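Written out below as structure tokens is the structure these notes cover.
Computed from a prediction, not measured in an experiment: that's the story for all the values here.
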Amino acid sequence: MFVPGNRSSAGFPSPADDYIDKALDLNELLITNKVATFFMRVEGDDLLASGIHHGDLLIVDRSLTPAAGKTVVAVVDGELILRKMERRGGDIVLVSDVASVEPVKMQGDDVQIWGVASCVVHQL
């Protein structure tokens, strides 16, 4: 018989109960600069080998400094692209994981970095 206010345990308490600090807030965990952060859905498989899949949700922070080794969102000829930034010789280029996709050289006003990807979210 169930009596309101009385509790009965059907097992052992979780060992994790001792470590519960507060509720998990993904915004707090994943976003460092709220006003400079936006989300975008990935289209294509240009960075599949880097773990970024078609349909993934990307968190992009416009306040982060783009640098070699970072994944960036760039505007090229009016279109948003997602690429890895690399230094090759004296040039900075935006590259895909797909060998047949030509690197984009950072020069002039034709290419603008829009933001740096800080996190990717995808289904398992």
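From Leu94, atom CG reaches atom CE of Met85 across 5.5 Å, with rounding to the nearest 0.5 Å. Rounding to the nearest 0.5 angstrom, the gap separating the CZ atom in Phe39 from the CD1 atom in Ile31 is 4.0 Å.
A ring-ring contact (aromatic ring centres under 6.0 Å, His included) check over residues 75-99, counting only residues at least two apart or in different chains, returns nothing. The ring-ring contact (aromatic ring centres under 6.0 Å, His included) pairs that include a residue from residues 81-106 number zero, where partners must be two or more places apart or lie in different chains. Legend: ring-ring contact (aromatic ring centres under 6.0 Å, His included) pairs involving residues 59-78, not counting sequence neighbours: none detected. Residue pairs that meet the salt bridge (Lys or Arg N to Asp or Glu O under 4.0 Å) test with at least one member in residues 23-45, sequence neighbours left out, are Lys22-Glu28.
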Return all side-chain donor-acceptor pairs below 3.5 angstrom for residues 114-124, not counting sequence neighbours, or 'none' if the list is empty.
from	atom 1	to	atom 2	distance (Å)
Ser118	OG	Ile59	O	3.3
His122	ND1	Asp56	OD2	3.3

Side-chain donor-acceptor contacts of residues 47-55 below 3.5 Å, not counting sequence neighbours, with atom names and distances?
from	atom 1	to	atom 2	distance (Å)
Ser50	OG	Lys84	NZ	3.4
Ser50	OG	Asp97	OD1	3.2
Ser50	OG	Asp97	OD2	2.8
His54	ND1	Gly44	N	2.8

Could you list the donor-acceptor pairs under 3.5 angstrom formed by side chains in residues 65-83, with sequence neighbours left out?
from	atom 1	to	atom 2	distance (Å)
Arg83	NH1	Asp46	OD2	3.0
Arg83	NH2	Asp46	OD2	3.3

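Cluster annotation: Leu24 is connected to Leu57 through the hydrophobic network of ILVMFWY side chains, with a link wherever side-chain heavy atoms come within less than 4.5 Å. Phe38 and Leu30 fall into different hydrophobic clusters, where Ile, Leu, Val, Met, Phe, Trp and Tyr side chains are chained together by heavy-atom contacts under 4.5 Å.
Closest approach of Val111 and Lys105 over heavy atoms only: CG2-O, 3.8 Å.
Every residue was checked against the side-chain hydrogen bond (donor to acceptor under 3.5 Å, both in side chains) condition with Arg62, not counting sequence neighbours, and none meets it. Partners of Glu86 by side-chain hydrogen bond (donor to acceptor under 3.5 Å, both in side chains), not counting sequence neighbours, listed by chain and number: Arg88. The side-chain hydrogen bond (donor to acceptor under 3.5 Å, both in side chains) check on Asp61 picks up Thr32, Ser63, with sequence neighbours excluded.
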